> 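Pasting in a structure now, in structure tokens, and then I'll have a few things to ask.
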Amino acid sequence: MSELAKAYEPQTVEAKWYAWWLQQRHFVADPSSTKPAYSIVIPPPNVTGVLTLGHVLNNTIQDILARRARLTGHEVLWLPGTDHAGIATQTVVERKLRKEEKKTRHDLGRAEFLRRVWEWKEKHGGIIIEQLKKLGCSCDWSRERFTMDEAYARRVQEVFVDLYRKGLIYRGKRMVNWCPVSLTALSDEEVIPKAQKGYLYYFKVEVVGAPGVFLEIATTRPETIMGDTAVAVNPRDQRYAHLIGGRILRPLPVENQALLPIIGDDAVEFEFGTGVLKVTPAHDKTDYEIGQRHALPIVDIMNPDGTMNELAGEDFAGLDRFEARVEAVEKLRELGILVREEPYENNVGFSERADVPVEPRLSEQWFLKYPQTGPARAALREGSIRFFPERWEKVYDHWLENIQDWCISRQLWWGHRIPVWYKEGEGEGTTRVECQIESPGEGWIQDPDVLDTWFSSWLWAHETMDEPTRKKFYPTSALVTGPDIIFFWVARMIMAGLEYTGEVPFRHVYFTGIIRDKQGRKMSKSLGNSPDPLDLIKKYGADGLRFGLMRIAPQGQDIRFDEQQIVEGRNFCNKLWNACRFRLLQGPVDPEADPFRHELSLFAKDLLSKLEGTISRIESGYADYRFSDIAQALYDLVWAQFCDWFIEASKADLNHSVRKAGTLATMDYALKRILLLLHPFTPFLTEELWHGMGFGSESIQFAQWPGAKSVGAEPRAVELSRAVVTARTLRATFNLPSSKRLRWLLESSEDWVKSEIAVLGVLLNAESITLVEQRPAHAAACPTEIGILYLSLEGVVDPSTERRRLEGEMGKVQAEIEKVERKLGSESFTLNAPPEVVSEHRQRLETWSARLEALRGARDALAA
RNA sequence: GCGCGAUUAGCUCAGCGGUAGAGCGCCUGCUUCACACGCAGGAAGUCGCAGGUUCGAACCCUGCAUCGCGCACCA
């Protein structure tokens, strides 16, 4: 490539290189490699999923880690795949079925329905995989896994059998979270508490045998009165303690009012409501426990779908639970026992998937008593796993400390079938139970339920790998995920890893932030505030999207997304593109250029020093997973250091016979390293430029990562650039257009400055710069660290305007001097501050004073 | 109720004990032969509030406020 287009055009470039990488098998991990291993398993997106900005963030980070590992000489495995996502996928297919064929899954039957789900999965599933390729993800696609793959699914069942045999899995009738829409039990983690505005209803019941003595009860759920089997008070509550042992009449259903005992239980709070609790063991977890303690009967008044059943009475049977609430209040009012209703806000548990309130329900489910909870906590405490940011450790530890058994059975069809078989026994009502994968034989019926999706994904880190792969790449190096699945996935994976491999599944866990919109709201489809990443890629290129996003994604902090930031990412890519274009216009590139063998200009030395500084900043950024820091460091290096100073200065140095070679060598050397450092963030652009510039014909991702060299700073370059800024400011204050070439004069005692005149001329866009011995007439003075710069104002500006400007300038300088003097005048400061700080202030004072002196001289000369 | 995070320029965010920073936006001037997806310059902040520690605090400590997120059986 001898000539580059004027602007970077990502579309063609991206497609070209991705196809090439695949064709070259660059992403395929080799377990027999002698290189050190680096591995990541992808958090498997749902097969139903489409790419969101959250995925972009997450997977860009993984890709950055993977590509950087390749560049640092590792054999890299980034293992991709998808999750069967039980409820989500089943729901999608059921919806389609209803819409297109007006059928339910029961119309088809289990086998046929599952066939349809697989058919859907083959046809529409895994769109997200193709989208990840558009992003540039360097996954080893030859190892793509699915949580329902035959081998994987078998391992899931084997693990179930194993845990069953160890006595950790058991079946029991318990209070579970029931989703009346999905018609399945849920784990505690799948229940999202939401604040709900409702009412607290107060109603009264008369104590039997004590006419005129009423108990007032407060409830948010009057529709469950029909299921009440007691009322409870706290035995230490003096208002009510004497009533314990008495009875009240349950008002509903009207045709079946029943006598309920008044019991005493410590779970009842004095302060809440009236201090009297209605106890509904079938529909509330606390009430269920109270019921257990007092051997209360359990009256389940609801159907699985959340409608009321016949036990609720004729007025309620068939009503939805929320209609029943309205009806119950109405009935209480009719009975004249509704005392009052007051607005009330409380937390209601919602089903994560279906987004409806869950119903606590007593049902027969499978539970897991978690293995390895102690070692899992120790892994973090002792540092065999580290979290970034660290604060999540506390959250993790707290959860493990208070861990509850996991309800792992789901009343769905799509998923891993529970490997348990039943057979009617000989005797009346006895059932034989066998836990094994294959049917024990004739007449045995398999448990109809499937396992929670997370019961399969918790094995993801090791069961996605075959034996040689595991040997090389397990435990994995890092896991990148959102903190929202710290319990669902991260914690459980640690326990599974410890139980089944004897090792932790990963060394580092990086928790990303959550992407929000500009108002700080979560991205969601319903709000319509979630931009389609593919549109963004189309508009700004995958690299622009990646870089723009990474620059604003500080470690584990939520991110407010603003498309403008992606625009900046795109602009940055274009800037680098043009820097390379500039280089190519100067002639052929030397890929092995060594600037240290040449005489170098000040700005070349300065750039090399800044480059080394950036490399060490990047190293520490990777050590702490501070990606926005790395991106920002590269942004500064490329834009401010390389383009604004070095390239601009080079426009003089490239015409300088002695400096030309060194300048070109510096340019090649620096650009090569910039491309390498940038490659993890912007893989397409850097691959394109790597080849375009002629740095190599192999992929950039296997080139040598630049090591940090110690290159001292070049203070003269700093002095020179400060002088340029001061001079530019001077010109601007006269309102002179930057295109107007002006005559400058320089009075300097520094010898080295004389050889920088040409550079100065280019940076100031000067017509001429003349060295002088004393102050010229009709010129504005501008004291700088390299001497006094004069701007010839002859025929350019009115002297009286100039004088006024100088006066103003002197005022500002005077103020600064006073500030520093005050500080230095304070005895407590000079006595207590460290000597280097004090001398820093002294120096500052000197500089300001010199500046003031120069200004005063200039003004006086002008007045004369 | 407990825990965690955030609060710095109009916006998005750095800085975490020694002169308040960047990008965008805004204003001014530029078709300067890499780039208008650009160049140069400028205006703009009592660093949420109140105390404390310190010679010195955006930064450390203690409260408080606001926003957000977890966890918790308060009907």
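All chains are named by letter (A, B, ...) in the order of the sequence lines, taking the proteins before the strands, and each is independently numbered beginning at 1. Note that the structure is predicted; figures quoted are calculated from it, not measured.
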> I'd like the C1' distance from C13(B) over to U8(B), given in whole Å.
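The answer is 9 Å between these two C1' atoms.
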> With both distances under 3.5 Å as the test, what is the Watson-Crick or G-U wobble partner of A20(B)?
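None - no nucleotide pairs with A20(B), as no candidate has both distances under 3.5 Å.
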> With distance as the sole test, does R728(A) use its side chain to make a donor-acceptor pair with the main-chain N or O of L763(A) at under 3.5 Å?
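At least one qualifying donor-acceptor pair exists.
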> Of all the nucleotides listed (C73(B), C71(B), A75(B)), which has the minimum atom distance to the side chain of T286(A)?
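Closest nucleotide to the T286(A) side chain: C73(B).
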> Between A22(B) and A9(B), how far apart are the two C1' atoms, rounded to whole Å?
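My reading of the C1' atoms in A22(B) and A9(B) gives 11 Å.
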> For R583(A) and F487(A), take the nucleotide of RNA chain B holding the closest heavy atom to each; which residue's nucleotide lies nearer the 5' end?
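The residue mapped nearer the 5' terminus is R583(A).
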> From C-beta outward on K651(A), which listed nucleotide comes closest to its side chain: C37(B), C4(B), A34(B)?
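Given the options C37(B), C4(B), A34(B), the side chain of K651(A) is closest to A34(B).
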> Distance check needed: C73(B) P versus D266(A) CG, whole Å only.
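Whole-Å distance recorded here is 17 Å.
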> Could you work out which one of U32(B), A34(B), G70(B) sits closest to the side chain of N765(A)?
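The listed nucleotide nearest to N765(A)'s side chain is U32(B).
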> Between C4(B), C71(B), A75(B), spot the one nearest the side chain of Y344(A), thanks.
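Given the options C4(B), C71(B), A75(B), the side chain of Y344(A) is closest to A75(B).
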> For A58(B) and C49(B), measure between their P atoms and round to the nearest Å.
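Their P atoms lie roughly 11 Å apart.
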> What integer number of Å spans the P atoms of C27(B) and C71(B)?
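These two P atoms come out 47 Å apart once rounded.
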> Any Lys/Arg nitrogen of R741(A) or E767(A) sitting under 4.0 Å from an Asp/Glu carboxylate oxygen of the other?
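Looking at E767(A) together with R741(A), the answer is no, because their closest N to O distance does not fall below 4.0 Å.
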> Please check the phosphate of C39(B) (OP1 and OP2 only) for any side-chain N or O of K575(A) closer than 4.0 Å.
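The answer is yes; a side-chain N or O of K575(A) sits under 4.0 Å from OP1 or OP2.
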> How many Å lie between CG on N402(A) and C1' on C73(B), as a whole number?
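Distance check: N402(A) CG to C73(B) C1' gives 14 Å.
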> Expressed in angstrom and rounded to an integer, what is the separation of F511(A) atom CZ from C4(B) atom C1'?
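After rounding, the gap between these two atoms is 13 Å.
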> Rounded off to whole Å, could you give me the NZ-to-P distance for the K194(A) and G68(B) pair?
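Value for this atom pair: 15 Å.
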> In whole Å, I'd like the distance from the CZ atom of R560(A) to the P atom of C69(B).
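My rounded result for the distance is 12 Å.
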> E216(A) and R239(A): salt bridge (Lys or Arg N to Asp or Glu O under 4.0 Å), yes or no, with the steps?
CA-CA 12 Å; E216(A) 211 172 293; R239(A) 292 171 295 176; over 6 Å; no
> Return the nucleotide paired to U31(B): Watson-Crick means purine N1 to pyrimidine N3 with N6-O4 or O6-N4, wobble means G-U with N1-O2 and O6-N3, both under 3.5 Å.
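Here U31(B) is not engaged in any pair, so there is no nucleotide opposite it.
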> Under a 3.5 Å limit for both distances, which nucleotide forms a Watson-Crick or G-U wobble pair with U53(B), could you say?
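Across any shown strand, U53(B) pairs with none.
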> Less than 3.5 Å between a donor and an acceptor, one on the side chain of R570(A) and one on the base of C37(B), is that the case here?
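Per atom types, the contact qualifies.
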> So, the side chain of N832(A) versus the backbone of S828(A): is there a donor-acceptor pair under 3.5 Å, distance only?
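Between the backbone of S828(A) and the side chain of N832(A) there is a qualifying donor-acceptor contact (under 3.5 Å).
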> Out of C73(B), U19(B), A34(B), which has the shortest distance to the side chain of R844(A)?
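So the nucleotide nearest the side chain must be U19(B).
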> Taking the C1' atom in each of A14(B) and G21(B), what is the distance between them to the nearest angstrom?
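Their C1' atoms lie roughly 7 Å apart.
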> Below 3.5 Å between N/O atoms, which protein atoms pair up with nucleotides 51-55 of chain B? Just atom names and distances, please.
{"unit_1": "C55(B)", "atom_1": "O4'", "unit_2": "N832(A)", "atom_2": "ND2", "d": "3.2"}
{"unit_1": "C55(B)", "atom_1": "O2'", "unit_2": "S828(A)", "atom_2": "OG", "d": "3.2"}

> Is any N or O donor-acceptor pair between the side chain of K394(A) and the base of C4(B) shorter than 3.5 Å?
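No such pair is found, so the answer is no.
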> With rounding to whole Å, what would you report as the distance between A44(B) and U54(B) at their C1' atoms?
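To the nearest whole Å, 31 Å.
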> Would you tabulate the pairs of protein nitrogen or oxygen atoms and nucleotide nitrogen or oxygen atoms of nucleotides 40-45 of chain B closer than 3.5 angstrom?
none

> Between E271(A) and E816(A), name the one whose nearest nucleotide on RNA chain B is closer to the 5' end.
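Per heavy-atom nearest nucleotide, the more 5' residue is E816(A).
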> Counting only Watson-Crick or G-U wobble pairs whose two distances fall under 3.5 Å, which nucleotide matches A58(B)?
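When the pairing criteria are applied, nothing turns out to pair with A58(B), so the answer is none.
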> Looking at K278(A) and D228(A), does any basic side-chain N land under 4.0 Å from a carboxylate oxygen?
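Result for this pair is yes, salt bridge flagged.
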> Mind checking who C64(B) pairs with, Watson-Crick or G-U wobble, both distances under 3.5 Å?
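The answer is G48(B), by the H-bond criterion.
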> To the nearest Å, how far apart are L400(A) CG and A72(B) P?
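Atom-to-atom, L400(A) to A72(B), this comes out as 13 Å.
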> When the C1' atoms of C16(B) and C47(B) are considered, how many whole Å apart are they?
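Result for the C1' pair: 12 Å, nearest Å.
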> Heavy atoms from C-beta onward define the side chain here; which of G3(B), A75(B), A72(B) lies closest to that of N347(A)?
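The answer is A72(B), which lies nearest to the side chain.
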> I'd like to know if R844(A) pairs up with E840(A) as an ion pair, taking the criterion as any Lys NZ or Arg NE/NH1/NH2 lying under 4.0 Å from an Asp or Glu carboxylate oxygen.
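Yes, charged N to carboxylate O under 4.0 Å.
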> Mind checking who A43(B) pairs with, Watson-Crick or G-U wobble, both distances under 3.5 Å?
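WC or wobble partner does not exist here.
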> Which base, if any, makes a Watson-Crick or G-U wobble pair with C2(B), both distances under 3.5 Å?
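Its partner is G70(B).
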> If you draw a 6.0 Å radius around CD in E821(A), do more than 12 non-hydrogen atoms from other residues or ligands fall strictly inside?
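Yes, the 6.0 Å shell around CD holds more than 12 heavy atoms from other groups.
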> Just checking R617(A): does its CZ atom have more than 12 heavy atoms from other residues, nucleotides or ligands closer to it than 6.0 angstrom?
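Result for CZ/R617(A): enclosed.
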> Please report the distance, rounded to the nearest Å, between CZ in R581(A) and C1' in C37(B).
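Taking atom C1' of C37(B) as the reference, CZ of R581(A) is at 13 Å.
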> Where do N or O atoms of nucleotides 21-25 of chain B meet protein N or O atoms at under 3.5 Å, pair by pair?
{"unit_1": "G23(B)", "atom_1": "O2'", "unit_2": "E568(A)", "atom_2": "OE1", "d": "2.6"}
{"unit_1": "G23(B)", "atom_1": "O2'", "unit_2": "E568(A)", "atom_2": "OE2", "d": "3.1"}
{"unit_1": "C24(B)", "atom_1": "O4'", "unit_2": "E568(A)", "atom_2": "OE2", "d": "3.2"}

> Return the nearest nucleotide to the side chain of H841(A); candidates are G18(B), A75(B), C11(B).
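Comparing G18(B), A75(B), C11(B) against the side chain of H841(A), the answer is G18(B).
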> Provide, to the nearest angstrom, the distance between the CG atom belonging to L831(A) and the P atom belonging to G56(B).
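Atom CG in L831(A) sits about 13 Å away from atom P in G56(B).
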> Provide the distance between the two C1' atoms, one in G38(B) and one in A43(B), to the nearest whole Å.
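To the nearest whole Å, 22 Å.
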> Think R340(A) forms a cation-pi with Y202(A), using NZ or CZ under 6.0 Å from the six-ring centre and within 45 degrees of its axis?
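Yes, R340(A) sits over the ring of Y202(A).
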